[in-house]
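Have a look at the structure below before the remarks.
The structure presented is a predicted model; accordingly, all values stated were derived computationally and were not measured. Chain letters run A, B, ... following the sequence lines, proteins first and then strands; every chain starts at 1.
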Amino acid sequence: MFDVKYLRDNLEQARERLASRGGEIDLAPFADLDGRRRTLLGDAEALKAERNKVSALIGKTKDKSQVQGEIVRMQEVSKRIKALDEELKGVEAELQGLLLTLPNLPHEDCPVGTSEDDNRELRSWGEPRQFEFEAKPHWELGEQLGVLDFERAGKIAGARFSLLRGAGARLERALINFMLDLHTDHHNYVEILPPFMVNREAMTGTGQLPKFEDDLFHLDDPDFFLIPTAEVPVTNIHRDEILAAVDLPVCYTAYTPCFRKEAGSHGRDTRGLIRQHQFNKVELVKFVVPEESDRELEKLLDNAEEVLRQLQLPYRVVDLCTGDIGFSAARTFDIEVWLPGQQAYREISSCSNFRDFQARRAAIRFRREAKGKPELVHTLNGSGLAVGRTLLAIFENYQQKDGSVVIPEVLRPYMGGLEKITAQG
RNA sequence: GGAGAGGUGGCCGAGUCGGCUGAAGGCGCUCGCCUGCUAAGCGAGUGUAUGGGGUCAACCUGUACCGAGGGUUCGAAUCCCUCCCUCUCCGCCA
């Protein structure tokens with residue numbers, strides 16, 4: 001969310017920077033609402049000041065008959081205050097509604113562009129393996145090995161669900177544990193196991209609401225949402241809190257399942273594990289002082305890349321352009337893993353700096369000194385990594401001619417020493 | 001699900017019959033003093049948001065906030081209603 005004062009004083013600049021995301025945003029209603037709000041507030045507060053003063057006087061007067069006239073007058077004043085407050089409430093709700101639907105300002109270093117075609121490849125790691133046979137897509141491998149079952153998942157739940165079995169299920173679990181161990185033991189993140197359902201306030205805090213309710217799975221009674229990413233519950237851990245600068249950066253990692261309706265992606269990635277209504281993810285979340293957020297994003301990105309390096313999976317890093325970054329993000333780097341079955345790099349992690357956008361929505365602040373004024377933290381997060389996509393990347397990159405899949409070295413301890421997944425009965 | 005208790009400032013904890021209570025007291029914290037270490041002691045200060053003024057920083061001033069939202073009243077932390085959350089006991093349950 002925007003700083004109202006910034007917007008008030010830099011309306012034109014804000015309009016231009018937002019326009020770089022593609023699509024004009026009309027900020028004129030803001031100026032109008034903000035002006036009306038301040039006028040109403042001033043009027044209402046002047047009346048309240050008078051009422052407070054007179055009420056104190058009435059309170060001190062023993063003989064109420066002496067102040068009967070004032071009491072009557074204050075009855076009128078109170079009526080007017082009530083009317084003004086009501087109008088003010090309407091204006092503020094409208095203003096808030098507008099502010100909550102404005103996306104974040106892109107970072108100054110974010111490449112300007114209109115679509116993913118303008119994203120900038122920063123680097124790549126690892127050489128895509130040359131196959132002496134035709135590489136199969138993971139869904140064929142998984143089904144032939146008897147460890148991946150889309151048909152039965154469809155029977156149980158529906159499209160875009162999957163079911164892992166035997167060594168497949170164990171591999172998913174191994175990946176979760178491997179990632180969590182890496183981030184907690186070597187990258188200094190604190191492990192969190194948060195609620196998988198959250199309330200509206202939490203969803204609003206990180207930016208999913210009010211704009212993207214259609215993408216979320218919702219429970220009517222009680223009014224809960226299934227989390228689309230651990231970012232939501234984990235970032236909201238410190239909602240309405242003031243942290244101490246000495247405790248920053250606060251770094252959390254969390255495994256959670258993620259639930260997404262994928263409402264706008266009919267027909268895309270309909271086969272395989274790429275796009276599911278439910279998938280597992282290990283997330284990295286940081287709360288940092290503003291001046292460190294760029295650097296912390298680089299570190300977070302590197303922490304996520306490390307997972308792929310240890311798994312020996314080729315990948316590249318892409319700097320998303322202004323037209324491709326998400327609603328709440330100021331800067332985003334995607335990590336894309338090489339998929340031989342598709343002969344393409346596909347997103348496996350998205351690492352973003354939200355600056356103070358989420359912090360303002362969720363009131364997450366810090367103090368530099370014990371007596372200092374509270375300031376907004378910067379929040380960051382990134383996948384470290386999407387587990388299902390990592391599993392499918394292993395299937396495709398580690399497949400053998402006979403259809404078996406070799407287990408990456410670092411995962412074998414998590415697989416009870418298993419070195420290769422072969423067809424299961 | 002049933003019965004009961006409760007939600008006050010960073011924490012603990014007072015708030016009588018509604019009226020100088022933004023909120024006693026204690027702890028913690030900050031600054032200063034003192035004690036040649038540590039501890040103790042003394043003094044002062046110590047919420048957030050927002051509007052206005054300002055040499056726009058330290059400052060002055062208005063308003064709001066005692067779980068949330070309504071209501072009663074000239075005036076509510078204090079009375080009434082609704083909701084949320086926490087705790088205890090019973091029931092149920094992984």
Could you tell me whether the phosphate oxygens of [N], OP1 or OP2, come under 4.0 Å of any side-chain nitrogen or oxygen in [X]?
| X | N | answer |
| --- | --- | --- |
| R200(A) | C84(B) | no |
| K373(A) | A49(B) | no |
| R73(A) | C74(B) | no |
| K82(A) | U73(B) | no |
| R8(A) | G51(B) | yes |

Could you work out the separation of [N] and [M] based on their [atom1] atoms and round it to a whole Å?
| N | M | atom1 | result |
| --- | --- | --- | --- |
| G9(B) | A5(B) | C1' | 23 Å |
| A24(B) | A14(B) | C1' | 6 Å |
| G10(B) | U46(B) | C1' | 11 Å |
| C65(B) | A57(B) | C1' | 27 Å |
| G75(B) | C83(B) | P | 27 Å |
| U63(B) | G22(B) | C1' | 13 Å |
| G41(B) | C34(B) | C1' | 8 Å |
| G62(B) | G54(B) | C1' | 15 Å |

Could you check whether any side-chain N or O of [X] sits under 3.5 Å from a backbone N or O of [Y], counting only pairs where one atom can act as donor and the other as acceptor?
| X | Y | value |
| --- | --- | --- |
| R367(A) | A245(A) | no |
| D324(A) | L320(A) | no |
| D302(A) | E298(A) | no |
| R21(A) | N104(A) | yes |

* Partner of Y414(A) by side-chain contact (heavy atoms from CB on, under 4.5 Å), out of D181(A), I176(A), L171(A) ->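 Passing option: D181(A).
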Query raised in the report: Only one of R80(A), K79(A), R73(A) clears side-chain contact (heavy atoms from CB on, under 4.5 Å) with E76(A); which?
Result: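 Among R80(A), K79(A), R73(A), the one meeting side-chain contact (heavy atoms from CB on, under 4.5 Å) with E76(A) is K79(A).
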query: In terms of the nearest nucleotide of RNA chain B, which residue is placed more toward the 5' end: S78(A) or K53(A)?
result: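 Going by which nucleotide is closer to the 5' end, it is K53(A).
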5' precedence on RNA chain B between R365(A) and N52(A) (nearest-nucleotide basis) =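 Nearest nucleotide further toward 5': that of R365(A).
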Tell me which nucleotide among [options] gets nearest to the side chain of [X].
| X | options | value |
| --- | --- | --- |
| L41(A) | G47(B), U50(B), G62(B) | U50(B) |
| K48(A) | U63(B), G75(B), G51(B) | U63(B) |
| R38(A) | G70(B), G52(B), U48(B) | G52(B) |

Would a 4.5 Å heavy-atom cut-off, applied to side chains only, mark L57(A) and K60(A) as touching?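 Result no, sub-4.5 Å side-chain heavy-atom pair not found.
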>> Need one value for K5(A): base, sugar-phosphate or nothing, where a base atom within 4.0 Å counts as base even if backbone is also close, heavy atoms only.
In response: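 Sugar-phosphate contact only.
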Write out a two-atom table: protein N or O, nucleotide N or O from nucleotides 15-23 of chain B, distance below 3.5 Å.
unit_1, atom_1, unit_2, atom_2, d
G19(B), N2, S55(A), O, 3.0

For the pair made of [atom1] in [X] and [atom2] in [N], what is the distance, rounded to whole Å?
| X | N | atom1 | atom2 | result |
| --- | --- | --- | --- | --- |
| L40(A) | A64(B) | CG | C1' | 16 Å |
| D43(A) | G62(B) | CG | C1' | 13 Å |
| K62(A) | C74(B) | NZ | P | 21 Å |
| E92(A) | G69(B) | CD | C1' | 16 Å |
| E70(A) | U73(B) | CD | P | 19 Å |
| E76(A) | U73(B) | CD | C1' | 15 Å |
| E241(A) | G9(B) | CD | C1' | 16 Å |
| L47(A) | G51(B) | CG | P | 19 Å |

Under 6.0 Å between the ring centres of [X] and [Y]?
| X | Y | answer |
| --- | --- | --- |
| F327(A) | F357(A) | yes |
| F217(A) | H277(A) | yes |
| F178(A) | H183(A) | no |

* Between the side-chain atoms of E45(A) and the base atoms of G62(B), is any donor-acceptor pair under 3.5 Å? ->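 For E45(A), whose side chain was compared with the base of G62(B), there is a donor-acceptor pair (under 3.5 Å).
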Please name all residues satisfying ring-ring contact (aromatic ring centres under 6.0 Å, His included) with F196(A), sequence neighbours left out, ordered by chain then number.
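Once residues adjacent in sequence are excluded, F196(A) has no partner under the ring-ring contact (aromatic ring centres under 6.0 Å, His included) criterion.
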Secondary structure of RNA chain B per the Watson-Crick/G-U criterion (both distances under 3.5 Å; [ ] crossing, | other strand, . unpaired) is ((((((((.[[[..)...(.....]]]((((((.......))))))(((((((.....))))))).[[[[[..)....]]]]])))))))....
- Task: Inspect the contact between E296(A) and K286(A) and indicate whether a charged nitrogen and a carboxylate oxygen are less than 4.0 angstrom apart.
- Result: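 Result for this pair is yes, salt bridge flagged.
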